[in-house]
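Atoms within each ligand, like the ligands themselves, are counted from 1 in listed order.
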Amino acid sequence: MSIVVETPAWALPRDQSVRARAAAVVPGGMYGHMTANAQNMPPSFPQFYDRGAGAYTWDVDGHRYVDFLCAFGPVLLGHRHERVEAAVAAQAERGDTLSGPSERMVDLAELLTETVAHADWAMFAKNGTDATSAAVRVARAATGKRKLLKASVAYHGANDWFTPRTAGVTAEDRLNIVEFAYNDVASLLEAVAEHTGDIAAIIVTPFRHDAFVEQELATAEFARAVREAATREGAALILDEVRTALRLDVRGAWEHLGVRPDLTAFSKALANGHPVSALVGVDALRSAAAEVYVTGSFWFSAVPMAAAIATIQEAVEIDAPAVIGRAGSRFKDGLEAAGRAAGFEVALTGPVQMPMLNFADDRDKKLAFAFTDAALRHGVLLHPWHNMFVSAAHDDAVVDEAIAGVVAAFREIARTA
Ligand SMILES: Cc1ncc(COP(=O)(O)O)c(C=O)c1O
């Protein structure tokens, strides 16, 4: 068996013309968002999308795809979910950005403190970066300490100390960041020992979901070591659930390990695509959270909060992690079997709700690029180097349609020698 990795890209005339317009008026034609930037993707990938409905999305050239990107996480229940959009419309009728918060802020805080096991309070912002940055500020205000321990490579946002790109950032901005290796207790303890007495917080994601590498679940030993180290140091344990919100466990992603953080940052799926993020925390950090200055002109908007309430209620009622888990397992089994049948050693790694595509011996991602490129032409939107997302709208029929698409894509990139 030999592998043909050069497959013909298809034409995206409208996408090309919008890209040309963007190049003239938007820096680089696309700022940030490396994961959705078509420059970093195989040639058939669209840059611009027109709409979404349920488990499907359409590019500006009118191609329909089964969407396994789900806006990189925000779409939990399916695009334009009826219950969420009804809540949005009802709140929009009354007003969105008012001269103070609406009652929805309190409703949402009550719902989150009822739902998330460790949460005694909640405050809100827009993006994940807002929530992780606020978490760090609360931790520093509470402890009077400076250092922030994080896993190397782990993404926690786009601010001056978390950004993965250093353009425009000074070394001083990152002075208080200390890195350890995810799932490596010895490396964590070494970092703690080196900065003992000056550690404000340890921030960690529920599992390792770095781009380009296989995903890795947190070991119970690692999660407990993080908890113990934070407690011993009097530092805050911040769980960064920006990406995992509502997909793994609505009570908190480390509940199954018996490990509770002091602060959790949520965003992305919290409002099924509407812009709101949340920082929740324990009572011991309540007064520090009341003291820090974190705000924004749109942080009290009522419509996204109404969307979040409907999303969380629906996620709890249908048990979204289980529903999405079943869909994710069906897709994983189907894709891996299709790959094997076509002669490829391929796996979807990590939680089935947020799988990462991984071909064996494919360090340069040549196979992943060829396969995801071909999958587009068979109606399936996948990602070659970032984790993907399954939604509750991916029912059996949709998943089977996607599996038929990936069977055809594998056939397209494989030929018998
Ligand atoms: C784990 C994690 N933390 C923080 C962020 C930052 O969130 P946002 O892009 O909404 O600022 C992201 C975004 O992808 C993320 O995945």
Side-chain angles (χ1 to χ4, degrees), residues 30-37 40 68-76 116 123-139 148-165 169 174 177 179-180 182-183 201-213 215-218 223 226 236-249 252-254 261 263-280 294-296 298-299 301 304-305 307-308 311 350-351 353-356 383 385-390:
M30 174 87 177
Y31 43 86
H33 210 336
M34 293 184 284
T35 40
N37 191 329
N40 302 324
F68 284 97
L69 301 188
C70 292
F72 290 91
V75 176
L76 176 85
V116 179
M123 52 206 275
F124 304 101
K126 290 285 110 187
N127 287 288
T129 303
D130 303 331
T132 55
S133 305
V136 172
R137 197 172 289 179
V138 169
L148 173 62
L149 271 54
K150 72 174 277 292
S152 48
V153 186
Y155 185 61
H156 295 291
N159 66 17
D160 284 354
W161 61 83
F162 285 141
T163 171
R165 289 209 204 137
V169 178
R174 292 162 174 264
I177 299 285
E179 295 196 330
F180 58 86
Y182 198 95
N183 261 346
I202 305 175
I203 186 167
V204 69
T205 54
F207 70 96
R208 185 172 172 220
H209 48 52
D210 303 337
F212 292 102
V213 294
Q215 302 197 109
E216 227 181 274
L217 299 184
V226 171
L237 167 52
I238 306 168
L239 195 60
D240 180 353
E241 284 227 51
V242 168
R243 201 180 300 185
T244 53
L246 302 177
R247 264 197 175 78
L248 302 184
D249 187 334
W254 274 2
L263 296 165
T264 298
F266 291 110
S267 187
K268 291 196 181 272
L270 202 57
N272 203 52
H274 294 274
V276 66
S277 59
L279 175 64
V280 305
V294 288
T295 191
F298 299 101
W299 286 19
S301 303
M305 291 183 183
T311 302
Q353 295 93 337
M354 329 175 35
M356 170 84 103
H383 203 286
W385 51 263
H386 187 279
N387 79 270
M388 302 175 284
F389 297 87
V390 182

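Applying the salt bridge (Lys or Arg N to Asp or Glu O under 4.0 Å) rule to R208 yields the partners D210, E216; only residues at least two apart in sequence or on another chain are considered. Legend: residues meeting salt bridge (Lys or Arg N to Asp or Glu O under 4.0 Å) with K268, ordered by chain and number and at least two apart, are absent. Listed by chain and number, the residues in a side-chain hydrogen bond (donor to acceptor under 3.5 Å, both in side chains) with D240 are H156 (sequence neighbours excluded).
Taking the six-membered ring for Trp and thresholds of 30 and 60 degrees, H209 and F207 have ring planes more than 60 degrees apart, a perpendicular arrangement.
Considering CD of Q353 and CG of N387, their distance stands at 11.5 Å, rounded to 0.5 Å.
The 4.0 Å heavy-atom shell around ligand 1 contains residues N127, G128, T129, Y155, H156, G157, T205, H209, D240, V242, R243, K268, ordered by chain and number.
Contact check for W299 versus M123: no side-chain heavy atoms found under the 4.5 Å cut-off.
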